[in-house]
Colleague: 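Quick one: the structure is below, and I'll ask about it shortly.
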There are 2 protein chains.
Amino acid sequence: MARTGTEELRRRNRAALVEQLHRHGPQTRAELTEALGLNRSTIGALAADLAEAGYVQETTGRSTGSAGRPSTLAECVPKAATVTAVEIRVDRVRFALVGLGGEVLERAETALDGADPVDAIEVVTGGTARDALEAVAAVPGLVDAGEVAHSTELGWAGRDLAGDLASATGREWQVVDTATAAAVGEWSRGDAHEATKLLYLHGGRGLTAGLVVDGLAPRGGSIQLGHIVVQPGGRECACGLRGCLEAEMEVFGYAEDIEYATLAAGMGDAAARDGLRRSGEDLGRALGAVVTATGPDEILFGGWLRELYLSAAAPVRSALAETTLPHLRSRLRLRTPVLGDEGALIGAAETGFATVVDRMR
Amino acid sequence: MARTGTEELRRRNRAALVEQLHRHGPQTRAELTEALGLNRSTIGALAADLAEAGYVQETTGRSTGSAGRPSTLAECVPKAATVTAVEIRVDRVRFALVGLGGEVLERAETALDGADPVDAIEVVTGGTARDALEAVAAVPGLVDAGEVAHSTELGWAGRDLAGDLASATGREWQVVDTATAAAVGEWSRGDAHEATKLLYLHGGRGLTAGLVVDGLAPRGGSIQLGHIVVQPGGRECACGLRGCLEAEMEVFGYAEDIEYATLAAGMGDAAARDGLRRSGEDLGRALGAVVTATGPDEILFGGWLRELYLSAAAPVRSALAETTLPHLRSRLRLRTPVLGDEGALIGAAETGFATVVDRMR
DNA sequence: ATCATATGTTGCAGTCAACAACAAATCTCG
DNA sequence: CGAGATTTGTTGTTGACTGCAACATATGAT
């Protein structure tokens with residue numbers, strides 16, 4: 001199982017070095033020595049090895065400003081390993097080709113106009129997907145082993161997306177959910193690196209949430225935030241249940257709606273203001289259950305939930321306060337994401353790089 | 001960080017061998033070779049190494065029944081590494097000294113009669129705790145870094161139990177929550193080894209739940225099942241919130257109550273039957289939120305929830321069906337634990353062994 | 001009784017990381 | 001301006017571990 005050997009050891013160390021450079025950017029050999037806990041000579045050998053393989057570039061003779069021999073700086077070669085990331089929404093598909101180190105090499109986007117997203121993949125990726133080491137698609141919904149078990153936004157249930165993408169593009173795809181991808185993105189390339197348990201809430205046409213623990217997504221898929229029942233026996237939801245958060249928050253279906261509502265509320269529309277408050281309370285209640293069950297220390301409000309949170313933070317907080325124990329609340333930070341709309345795409349790419357690095361081991 | 005070296009490699013392999021024997025019992029060298037993916041000679045060297053260190057005993061010449069040279073069987077030496085496990089309840093403290101391989105070497109129990117559990121520790125463990133490699137205490141409640149943040153059953157909030165135990169016994173203690181410990185126990189020594197996401201529900205004077213993913217407890221502590229709000233604005237709970245599951249299920253406070261109720265219901269008491277049904281429904285609703293948030297594939301009803309589930313499975317299932325998506329439900333098995341009352345104690349010991357093995361690496 | 005089979009043992013070779021001594025390149029202080 | 005201090009890269013050596021292959025051992029099957 002562990003398949004541990006002396007060759008395996010070198011591979012692991014090489015992978016660790018690549019991961020270190022990918023995650024923390026260009027570093028001197030001395031810094032790498034410190035970070036990996038290996039000997040200077042070992043780092044030198046590994047770096048030379050990786051430089052020959054083309055993964056790493058070493059720029060020599062940087063003046064450090066302090067005493068001592070100047071370090072040679074090691075950095076990733078972006079084109080040495082690329083990952084195709086795709087984010088699927090109901091109305092459009094976005095694509096990014098990301099290089100080792102995190103640099104975005106290409107980017108594209110297509111509106112769908114009702115077409116099936118899978119049919120748009122080849123166009124939007126422009127064929128570059130084939131050369132990438134990994135291809136990852138983020139979809140808003142409940143993903144289980146490449147299959148989209150449920151997606152309010154896309155109206156899918158039990159669709160084998162990984163299979164469909166494979167037959168459409170001729171290569172393997174990894175499927176993740178948008179919220180978890182965004183959580184990974186915010187953790188790795190955003191502002192939430194200190195969070196040990198990060199909960200990302202994604203508001204699209206449906207509501208999902210993704211959890212990341214120590215930067216890793218626990219297997220088992222995302223949290224269907226929209227289908228937390230906040231009103232037993234309440235309004236009928238498209239999923240067949242009653243009183244789901246999505247159904248109860250009927251005021252807001254999509255990003256445009258929330259903008260109108262905040263605008264109207266800002267201009268003194270009492271009904272809009274009331275709607276915002278009620279929606280915030282519903283969200284806070286659903287969140288209470290999720291927080292009690294998962295115990296995060298940071299929550300990010302993404303998608304249109306960002307706007308809702310910014311204009312209805314008080315009701316969200318008070319409803320949350322009514323439904324979670326003080327201790328769980330005390331260590332909890334509520335914020336909005338810094339990567340904006342890019343989080344899921346970046347996170348999908350990072351998910352791909354995680355498996356790329358894993359495969360090097 | 002990774003501190004990888006050639007010496008580290010041997011340690012890792014040695015730890016892997018011990019872990020393998022601890023978890024899967026006595027095995028032939030050939031089986032170990034297969035399981036660890038190492039060479040026969042390597043296994044031989046490791047086994048000899050560990051035998052000399054006293055961790056492993058090799059009994060030679062077992063007749064296998066099939067052709068070929070008979071294998072030498074390697075097995076753990078229980079006394080080579082022991083773990084002290086303690087389960088704290090409001091009315092009693094239970095203790096087990098568990099040896100490597102999982103054998104229970106000693107066992108004791110004391111009623112508390114209102115005394116502080118910490119004061120009873122030295123008596124119940126009989127001083128053997130000091131010689132154990134690890135000491136683990138399981139408590140029903142929300143545990144965070146050795147501190148009991150909240151416990152309905154014990155009436156504690158923010159108690160530094162790890163510290164109190166340390167000053168009472170003169171050694172370090174690990175503190176885990178009962179439900180998570182029981183989940184670990186059922187996964188490792190019980191019947192739930194196939195579950196990838198195992199949710200254990202523990203009914204004591206409070207209700208907690210513990211999650212185990214691939215046999216490991218994700219950091220961050222247990223799930224306060226009893227403080228999932230099932231009735232917004234409902235009955236006041238001791239925790240200060242309103243409508244908590246614990247408060248709404250006021251019919252049952254402890255094991256004796258559920259026995260009376262099931263007895264009465266069996267004899268035709270309509271009120272008791274109704275109470276059971278309502279409690280089952282409340283539990284199912286709270287469970288719905290937890291399942292939506294965590295997505296387990298197996299749920300075990302432990303403590304007095306076992307009795308509730310056995311006599312009110314239908315309302316639990318129907319309430320669960322009303323509050324979780326079909327896909328999450330479809331892969332879900334509901335069962336009762338096989339280790340009975342021992343689960344938490346055994347799981348606490350296994351938690352200890354996990355760190356013992358980790359420290360060998 | 002002999003062969004096939006399965007397993008443990010031994011010696012050897014390959015590889016890798018730590019260590020130490022040395023070289024290189026910069027800064028600082030007199 | 002120069003010598004020493006400082007930091008870092010390089011090289012050769014050493015110790016250790018694992019894989020491999022050949023051999024030894026013990027049993028069942030024919």
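In what follows, every chain begins at residue 1, and chains take the letters A, B, ... in the order their sequences are listed. These numbers come from the heavy atoms of this one structure, side chains and all, not from hydrogens, waters or symmetry mates.
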Colleague: What is the distance from CG of Leu36(B) to P of dG19(D), rounded to the nearest Å?
Modeller: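 One finds 11 Å between P of dG19(D) and CG of Leu36(B), rounded.
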
Colleague: Taking all atoms of both residues into account, what is the closest heavy-atom pair of Tyr55(A) and Ala80(A), and its distance?
Modeller: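 What the structure gives for the nearest pair is CA-CB, 3.8 Å.
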
Colleague: Would you give the length of the straight line joining atom CD of Gln57(B) to atom OG1 of Thr72(B), rounded to the nearest 0.5 angstrom?
Modeller: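 Nearest 0.5 Å value for the CD-OG1 distance: 12.0 Å.
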
Colleague: For the helix from dA1(C)-dT30(D) to dG30(C)-dC1(D), what angle lies between the axis at the first five pairs and the axis at the last five pairs, to 10 degrees?
Modeller: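 The end axes of the helix from dA1(C)-dT30(D) to dG30(C)-dC1(D) are about 0° apart, to the nearest 10°.
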
Colleague: So, for Glu19(B) and Val357(B), which heavy atoms are closest and what is the spacing to 0.1 Å?
Modeller: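 The pair with the smallest heavy-atom distance is CB-CG1, 3.9 Å.
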
Colleague: Among the candidates dG8(C), dG9(D), dC17(D), find the nucleotide nearest to the side-chain atoms of Arg29(A).
Modeller: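 Between dG8(C), dG9(D), dC17(D), the one nearest the side chain of Arg29(A) would be dG9(D).
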
Colleague: Side chain of Thr72(B): nearest nucleotide among dT8(D), dG8(C), dA17(C)?
Modeller: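 In terms of side-chain proximity for Thr72(B), the closest of dT8(D), dG8(C), dA17(C) is dG8(C).
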
Colleague: Round to the nearest Å and state the distance from Gln27(B) atom CD to dT7(C) atom C1'.
Modeller: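 Atom CD in Gln27(B) sits about 16 Å away from atom C1' in dT7(C).
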
Colleague: Rounded to the nearest angstrom, tell me the gap between atom CD in Glu8(B) and atom C1' in dT18(D).
Modeller: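 In whole Å, dT18(D) C1' and Glu8(B) CD are 16 Å from each other.
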
Colleague: Which pairs, with at least one residue in residues 343-354 of chain B and sequence neighbours excluded, count as a side chain to side chain donor-acceptor pair (under 3.5 Å)?
Modeller: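 Counting only pairs at least two positions apart or across chains, the side chain to side chain donor-acceptor pair (under 3.5 Å) contacts touching residues 343-354 of chain B are His22(B)-Glu350(B), Arg189(B)-Glu350(B).
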
Colleague: Could you state the CZ-C1' distance from Arg10(A) to dA17(C), rounded to the nearest angstrom?
Modeller: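 That distance rounds to 12 Å.
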
Colleague: Starting from P on dT18(D), measure out to CG on Leu9(A) and report it in whole angstrom.
Modeller: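 Distance, rounded to whole Å: 10 Å.
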
Colleague: Report yes if at least one side-chain N or O of Asn13(B) is closer than 4.0 Å to OP1 or OP2 of dT18(D); otherwise report no.
Modeller: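 For dT18(D), OP1 or OP2 has a side-chain N or O of Asn13(B) closer than 4.0 Å.
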
Colleague: Would you mind telling me which of dG9(D), dT18(D), dT7(C) lies closest to the side-chain atoms of Ser71(B)?
Modeller: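 My answer, after comparing the listed nucleotides, is dT7(C).
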
Colleague: Could you tell me the separation between the OG1 atom of Thr196(B) and the CZ atom of Arg331(B), rounded to the nearest 0.5 Å?
Modeller: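 That separation rounds to 7.5 Å.
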
Colleague: Within the side chain of Asp297(A), is there an N or O that forms a donor-acceptor pair under 3.5 Å with the backbone of Lys197(A)?
Modeller: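 Present.
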
Colleague: Rounded to whole angstrom units, what separation is found between the CG atom of Leu38(B) and the C1' atom of dC20(D)?
Modeller: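 In whole Å, dC20(D) C1' lies 14 Å from Leu38(B) CG.
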
Colleague: In terms of relative ring orientation, are His193(B) and His24(B) parallel, tilted or perpendicular, with 30° and 60° separating the classes?
Modeller: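 Aromatic pair His193(B)/His24(B) classed perpendicular.
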
Colleague: Got a second to check how far Thr125(A)'s OG1 is from Arg171(A)'s CZ, nearest 0.5 Å?
Modeller: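 Thr125(A) OG1 to Arg171(A) CZ: 10.0 Å, rounded to 0.5 Å.
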
Colleague: Could you check whether Glu342(A) pairs with Arg107(A) (Lys NZ or Arg NE/NH1/NH2 to Asp/Glu carboxylate O, under 4.0 Å)?
Modeller: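 Looking at Glu342(A) and Arg107(A), the cut-off is met.
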
Colleague: Between the protein and nucleotides 21-25 of chain D, which nitrogen or oxygen pairs come in under 3.5 angstrom?
Modeller:
unit_1  : atom_1 : unit_2   : atom_2 : d
dT25(D) : O4'    : Arg69(B) : NH1    : 3.4

Colleague: What is the distance, rounded to the nearest whole Å, between atom CZ of Arg11(B) and atom P of dC16(C)?
Modeller: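 My rounded result for the distance is 21 Å.
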
Colleague: Whole Å only: how far is the CG atom of Leu46(B) from the P atom of dT9(C)?
Modeller: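 Rounding to the nearest Å, CG of Leu46(B) and P of dT9(C) are 13 Å apart.
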
